[in-house]
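Taking it in order: structure first as structure tokens, then the write-up.
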Amino acid sequence: MSRLARVLSSCALLCASASAAVPAFAADDPSKPVYVVASRRTHDAVAAGSGVRARALAAPGGEALAISEWPAGRLGELIRHVHEKERRCGGFFAFDSREQAEAFVRDDMSALAATAQAADYSVDNQATVKPWLAQVKEANIRATIRSLSESWTTRHAQSAHGRAASDWIRDAWQGLAANRSDVSIEQVACADCGQQPSVVLTWRGNELPDEVVVLGAHMDSIAAGNGGAGATAPGADDDASGIATLTEVLRVALASGYKPRRTVKFMAYAAEELGLLGSRAIAAGHRDRGENVVGVLQLDMTNYRAAGTPDLRLISDNSNAGLQQLVRGLYSTYLGGGALAEYKCGYGCSDHASWTAAGYPAAMVFEGGTAKGGYSPHIHSRNDTLANMGNSAANSVPFAKLGLAFLGEVGKTSAL
Ligand code: BES
Ligand code: ZN
């Protein structure tokens with residue numbers, strides 16, 4: 001990845017100088033081929049008449065990519081185009097070999113996913129979203145958190161309880177979607193997910209079925225320290241709260257008779273605590289099938305909030321800038337909020353990172369936490385219980401409203 005690093009680091013310099021010169025590394029041998037990964041749009045605009053050879057790739061996040069072969073000495077044309085016509089820096093990645101470029105697209109498209117303007121996110125579906133908001137019931141969210149955190153000692157993916165929790169979620173969602181011909185539910189196993197399959201509910205879009213919106217949370221729990229499959233890990237906040245919030249979003253939307261324009265998928269991921277395993281397999285599957293996922297929202301830890309902390313925070317890393325901006329818009333339009341607080345994990349801390357790594361636009365929202373700006377002090381312990389959140393799910397209610405807003409605005413309502 002040496003070439004990639006050099007292109008990225010030269011970006012600020014190139015943008016600082018209006019004439020965007022050919023970067024230093026291209027000068028040693030101007031005829032040497034360089035393999036560029038860029039958006040198809042950028043490529044087409046600059047390649048017209050230049051004779052570069054490009055290969056179009058699948059379209060993650062709605063934006064087709066192209067790999068093209070450039071003489072190193074002409075890379076400056078591409079840089080100048082991006083800088084002068086598209087008025088931005090970067091936006092492409094260059095490699096020494098085609099294999100490296102292909103591996104980048106295959107294995108790690110997170111850099112593109114984080115910056116891509118994959119979709120045109122608008123906030124104009126108040127007619128659908130507004131009536132939903134008052135339907136959210138704290139008692140429903142509380143009941144789901146209670147069931148998930150108190151029915152078994154753990155939901156560890158490598159335990160029989162982990163399997164039972166997956167079946168419980170499948171059945172709960174099945175019950176909500178009974179008699180719906182546009183909704184199907186499946187359990188998706190993954191190689192390293194132990195006994196626990198993910199649960200995926202697919203609500204077929206009525207107009208744009210090939211465009212997919214994802215709302216997700218993880219079903220498993222873990223105890224740190226002696227954290228094996230036998231250790232007590234109620235995981236009421238982490239992340240029964242996310243599954244419970246998601247389930248209430250699903251209930252409200254189904255009860256309203258909503259018909260989404262786009263296909264909507266609700267996901268309860270397996271084995272997040274073992275390394276984002278369920279979501280990684282699912283996101284990679286979507287990428288390998290060339291599915292067009294236009295937006296992903298992750299709900300992980302929605303119910304712990306100390307006095308004086310914000311009702312919710314936006315995770316600022318491993319996620320897509322355009323989608324973050326949409327979440328800010330939803331927060332102000334539908335929750336009457338001001339500036340949305342942020343939290344930076346500093347690493348791929350939850351399943352949104354799996355989608356980002358697969359090249360799709362994803363975002364995550366997160367609890368207010370403690371007065372010091374942190375999160376639940378009970379995470380990954382036997383004390384992550386509903387009792388330690390005041391036996392209430394009130395803090396998850398704004399997350400359910402935000403989830404409904406995300407569903408209505410990214411999924412939009414079918415006019416048919
Ligand atoms: N819910 C946490 C993620 C989290 C923790 C987000 C604290 C924000 C603040 C998640 O379930 C988790 O524990 N993730 C792991 C990483 C994963 C790759 C195993 C973690 O943070 O250690
Ligand atoms: Zn979690």
Side-chain angles (χ1 to χ4, degrees), residues 108 110 144-145 148-149 154-158 162 165 169 190 192-194 196 198 215-229 231 233-246 267-284 296-306 309-310 312-319 324 327 340-358 362-386 388-389 395-396 399:
D108 182 9
S110 53
T144 305
I145 295 177
L148 287 171
S149 61
T154 180
R155 298 186 305 281
H156 196 288
Q158 291 163 338
I169 293 165
C190 112
D192 303 310
C193 292
Q196 189 170 63
S198 296
L215 289 92
H218 70 88
M219 70 169 84
D220 63 320
S221 66
I222 202 163
N226 66 342
D237 186 31
D238 185 14
D239 184 26
S241 67
I243 298 287
T245 302
L246 201 59
M267 303 202 175
Y269 303 111
E272 186 267 358
E273 302 286 10
L274 304 182
L276 317 181
L277 301 182
S279 60
R280 187 195 297 167
I282 287 174
V296 177
L297 184 68
Q298 172 74 357
L299 301 165
D300 189 358
M301 301 173 71
T302 64
N303 203 50
Y304 189 91
R305 183 185 180 193
T309 63
L312 51 85
R313 293 184 280 174
L314 181 63
I315 297 291
S316 60
D317 53 351
N318 283 286
S319 63
Q324 288 176 19
V327 172
L340 184 48
E342 294 191 1
Y343 183 86
K344 184 174 181 179
C345 281
Y347 57 97
C349 63
S350 189
D351 299 303
H352 63 297
S354 292
W355 291 99
T356 302
M364 169 165 146
V365 285
F366 180 65
E367 66 198 13
T370 66
K372 288 183 185 156
Y375 45 86
S376 168
H378 307 303
I379 181 176
H380 300 171
S381 83
R382 58 169 58 237
N383 298 320
D384 184 2
T385 60
L386 190 56
N388 281 332
M389 297 185 290
N395 295 326
S396 293
F399 289 85

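Whatever order the structure lists them in is the order used to number ligands and atoms, beginning at 1. This one's a predicted model, so the numbers in the text were calculated from it and none came from an experiment.
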Contacts of type side-chain contact (heavy atoms from CB on, under 4.5 Å), residue Ala281, not counting sequence neighbours: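 Result, side-chain contact (heavy atoms from CB on, under 4.5 Å) vs Ala281: Cys190.
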OH/Tyr375: more than 12 non-hydrogen atoms of other groups inside 6.0 Å: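 Counting other residues, nucleotides and ligands, OH of Tyr375 stays at 12 neighbours or fewer.
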Residues lining ligand 1 [heavy-atom distance under 4.0 Å, listed by chain and residue number]: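 Lining ligand 1: His218, Asp238, Glu272, Glu273, Gly275, Leu276, Asp300, Met301, Tyr343, Cys345, Tyr347, Gly348, Cys349, Phe366, Tyr375, Ile379, His380.
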CD on Glu342 to CZ on Phe366, rounded to 0.5 Å: 13.0 Å
Decide whether [X] and [Y] meet the rule of one side-chain donor and one side-chain acceptor closer than 3.5 Å.
{"X": "His156", "Y": "Gln196", "answer": "no"}
{"X": "Ser319", "Y": "Gln324", "answer": "yes"}
{"X": "His218", "Y": "Asp238", "answer": "yes"}

Minimum-distance atom from the Zn ion (ligand 2) among N, O or S atoms of Asp238: OD1
Metal check, the Zn ion (ligand 2) vs Glu273 N/O/S, cut-off below 2.8 Å: no
N/O/S from His218 sitting under 2.8 Å away from the Zn ion (ligand 2): yes
Test side-chain hydrogen bond (donor to acceptor under 3.5 Å, both in side chains) applied to Ser241 and Asn303, Thr302, Asp384, Asn395, the passing residue: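 Among Asn303, Thr302, Asp384, Asn395, the one meeting side-chain hydrogen bond (donor to acceptor under 3.5 Å, both in side chains) with Ser241 is Thr302.
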